[in-house]
Amino acid sequence: MLNKVKDYIKKYNLLNDNELYIVALSGGADSVALLLLLDEMGYKVHAAHCNFHLRGTESDRDELFCESLCQQKSIPFHRIHFDTLTYAETHKVSVEMGARELRYRYFEQLRKDLDAVGVCVAHHRDDSVETVLLNIVRGTGLRGLTGIQPRNGNILRPLLCVSRQEIEAYLQTKGQEYVTDSTNLEDDVLRNKVRLNVLPMLKELNPAVCENIQNMTMHLTEAQKVLDRFVEKYKKVKCITFKELDKIGSREYLLFEWLKNYGFNGTQVQQIMEAETGGIVTSSLKYDVLKDRESYIVEPSLEPLKPLRIPEEGTYILNNEVKFTVKKVPVWVSKDAAIATLDASKVCFPLTIRRVKEGDWMIPYGMEGRKLLSDLMTDRKMTLFEKRRQLLVVDAHDTIIWLVGIRINNQCMVDATTTEVVEIQYQ
């Protein structure tokens with residue numbers, strides 16, 4: 001067992017000599033074995049125990065056991081007490097999730113305080129196998145079949161190479177006692193069913209099922225690494241064309257790997273793939289993805305915009321990021337898309353700046369008839385995202401005088417009779 005764990009640590013480069021590590025010690029067989037193994041290998045370790053006060057005197061029993069064990073082994077011991085039920089109720093999460101959040105937050109803070117390299121937790125091979133089976137039951141993609149990984153940031157799992165049976169046998173040879181929890185904070189009802197019913201049935205079909213599933217997860221993990229490297233360059237882009245997606249042979253896979261960074265799940269990715277052109281789906285992180293004519297585009301969800309009133313000349317800020325400067329100047333005609341020059345006699349203050357809404361129209365510069373702004377923007381091949389962000393300026397008569405950055409109203413154009421110009425600059 002010792003050599004098996006040594007080899008696993010070396011294979012995945014989990015631990016270094018002369019560095020400090022924290023061992024999450026619950027008092028159960030897994031964490032006790034982990035602490036003893038790392039201590040026996042000569043690693044510098046501290047133990048950390050969380051008392052969640054969920055099992056009455058049994059919780060206190062576990063804490064005292066962990067403290068006594070560490071005293072016997074001369075291992076520094078740290079502990080913390082949590083009011084887990086209050087935390088879960090306050091944060092509207094399950095008790096299991098609340099305990100998990102509290103535990104890992106404490107471990108990370110302790111790691112920083114002690115200047116430790118990582119936190120070692122005692123997940124073993126059977127835990128990983130159960131996780132894979134649970135993911136299959138709930139529905140998963142390739143990543144869900146890779147099981148629990150040996151490293152997740154500062155969280156290290158040196159026991160993933162051994163089974164629960166091996167752990168108990170190791171402790172028996174050491175004559176080492178451990179405590180047994182009447183409830184397990186890591187397990188929900190479904191996990192218990194997998195452990196107590198599904199796995200024993202699978203072992204009847206093949207006694208080596210856990211080892212075989214673990215080998216599968218290792219192979220799939222290596223395959224996932226190749227795929228991750230391939231899609232890495234796409235993860236931070238805001239637009240991917242259909243041509244790019246079709247080049248790799250799986251539009252759905254690349255879309256999912258790209259969009260999950262913005263909070264989209266598999267069901268939503270399927271929705272956007274099946275959407276008509278112009279379809280928009282919103283993620284939990286408040287990003288929108290648009291299926292445009294030749295590409296998928298993602299951007300933050302559009303926040304409501306309060307119209308900006310401009311009663312007179314001056315500089316005005318819209319939504320803390322867009323500046324409009326309005327002033328009356330001698331006659332001139334702008335050729336800059338960011339500056340509108342309008343006949344002052346045909347513009348009535350106050351002006352208002354707002355977004356385009358359905359049914360807006362004007363007579364565009366150079367035309368005689370009225371045109372819907374939606375059609376004007378479509379003619380310019382603007383995306384739905386660009387259309388919904390588009391600003392315009394209306395005067396006191398609610399006449400649209402400028403589709404910002406695009407076109408002024410022909411009725412307000414500077415001509416031979418103009419004696420003064422209203423200049424509006426957009427920045």
Side-chain angles (χ1 to χ4, degrees), residues 238-239 277-278 280 288 290 292-294 297 299-427:
K238 295 297 178 68
C239 176
T277 298
I280 290 179
D288 293 341
L290 165 69
D292 199 39
R293 301 173 188 85
E294 298 178 349
I297 306 168
E299 69 173 33
S301 300
L302 196 65
E303 296 292 335
L305 179 68
K306 184 179 179 181
L308 175 65
R309 190 171 182 270
I310 299 178
E312 59 188 4
E313 296 177 75
T315 298
Y316 300 83
I317 305 296
L318 176 67
N319 215 27
N320 296 320
E321 58 184 27
V322 179
K323 182 168 73 173
F324 285 88
T325 302
V326 181
K327 56 186 176 181
K328 292 181 179 180
V329 296
V331 177
W332 77 288
V333 178
S334 169
K335 294 184 179 179
D336 187 336
I339 302 175
T341 46
L342 310 165
D343 189 321
S345 67
K346 301 171 185 176
V347 174
C348 184
F349 282 81
L351 308 180
T352 300
I353 298 170
R354 62 170 173 82
R355 290 194 180 119
V356 173
K357 59 186 180 184
E358 188 175 355
D360 281 336
W361 64 272
M362 71 177 186
I363 301 174
Y365 175 74
M367 297 179 61
E368 295 183 357
R370 56 191 278 176
K371 186 161 186 169
L372 287 171
L373 299 189
S374 58
D375 292 340
L376 185 60
M377 291 186 290
T378 297
D379 291 345
R380 294 175 62 87
K381 300 191 183 308
M382 293 172 65
T383 70
L384 191 57
F385 283 166
E386 292 170 329
K387 290 179 181 179
R388 71 181 189 176
R389 290 196 305 268
Q390 180 61 48
L391 299 173
L392 54 75
V393 184
V394 299
D395 71 359
H397 301 303
D398 206 29
T399 299
I400 296 171
I401 60 176
W402 187 29
L403 186 61
V404 177
I406 296 177
R407 197 75 63 88
I408 65 168
N409 191 323
N410 197 65
Q411 297 170 303
C412 304
M413 63 177 286
V414 175
D415 58 25
T417 65
T418 302
T419 59
E420 189 177 36
V421 163
V422 172
E423 177 188 297
I424 308 174
Q425 183 168 354
Y426 163 76
Q427 194 171 1

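In this chain, residues are counted from 1 in sequence order.
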- Task: List the atom of Ile424, the atom of Leu342, and the distance in Å for their closest heavy-atom pair.
- Result: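 Scanning both residues completely, I find the closest heavy atoms to be CD1-CD1, 4.0 Å.
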
- Heavy-atom pair with the smallest gap, counting every atom of Pro364 and Leu376: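 Where Pro364 meets Leu376 most closely, the heavy atoms are CG-CD2, 4.4 Å.
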
For [X], give me all partners under side-chain contact (heavy atoms from CB on, under 4.5 Å), at least two apart in sequence or on another chain.
X: Ala337; answer: none
X: Thr383; answer: Leu290, Asp292, Ile297, Phe385, Glu386
X: Trp332; answer: Val329, Ser334, Ile339, Thr341, Glu423
X: Asp415; answer: Asp343, Lys346, Thr417, Thr418

- Task: Sequence neighbours left out, what pairs pass side-chain hydrogen bond (donor to acceptor under 3.5 Å, both in side chains) with at least one residue falling in residues 389-405?
- Result: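 The answer is Glu299-Arg389.
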
- Please collect all side-chain hydrogen bond (donor to acceptor under 3.5 Å, both in side chains) contacts where either partner lies in residues 363-374, sequence neighbours excluded, each pair once.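 Qualifying pairs: Lys371-Asp379.
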
With sequence neighbours left out, write down each residue that passes salt bridge (charged side-chain N to carboxylate O under 4.0 Å, His left out) with [X], or none if nothing qualifies.
X: Arg354; answer: Asp360
X: Lys323; answer: none
X: Lys238; answer: none

- Start with the C-alpha gap between Ile408 and Met362, add the side-chain angles, then the distance that decides, and say whether side chain to side chain contact (heavy atoms under 4.5 Å, CB included) holds. CA-CA 9 Å; Ile408 65 168; Met362 71 177 186; over 6 Å; no

- Item | Side chains of Arg388 and Asp288 in contact at under 4.5 Å (non-hydrogen atoms) |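 Touching, per the 4.5 Å side-chain cut-off.
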
- Any side-chain heavy atom of Ile353 within less than 4.5 Å of one from Val322? no

Taking distance alone, no hydrogens or angles, what donor-acceptor pairs closer than 3.5 Å link side-chain atoms of residues 304-321 to residues at least two apart or in another chain?
{"unit_1": "Glu313", "atom_1": "OE1", "unit_2": "Lys328", "atom_2": "N", "d": "2.7"}
{"unit_1": "Tyr316", "atom_1": "OH", "unit_2": "Glu312", "atom_2": "O", "d": "2.7"}

- Among Leu351, Ile401, Asn409, Thr352, the one residue meeting side chain to side chain contact (heavy atoms under 4.5 Å, CB included) with Val394: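 That would be Thr352; it is the only one of Leu351, Ile401, Asn409, Thr352 passing the side chain to side chain contact (heavy atoms under 4.5 Å, CB included) with Val394.
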
- Would you please name every residue forming a side-chain hydrogen bond (donor to acceptor under 3.5 Å, both in side chains) with Arg355, sequence neighbours left out? none

- Counterpart residues, ring-ring contact (aromatic ring centres under 6.0 Å, His included), relative to Tyr426 (two or more places apart):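 Here the qualifying residues are Phe324.
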
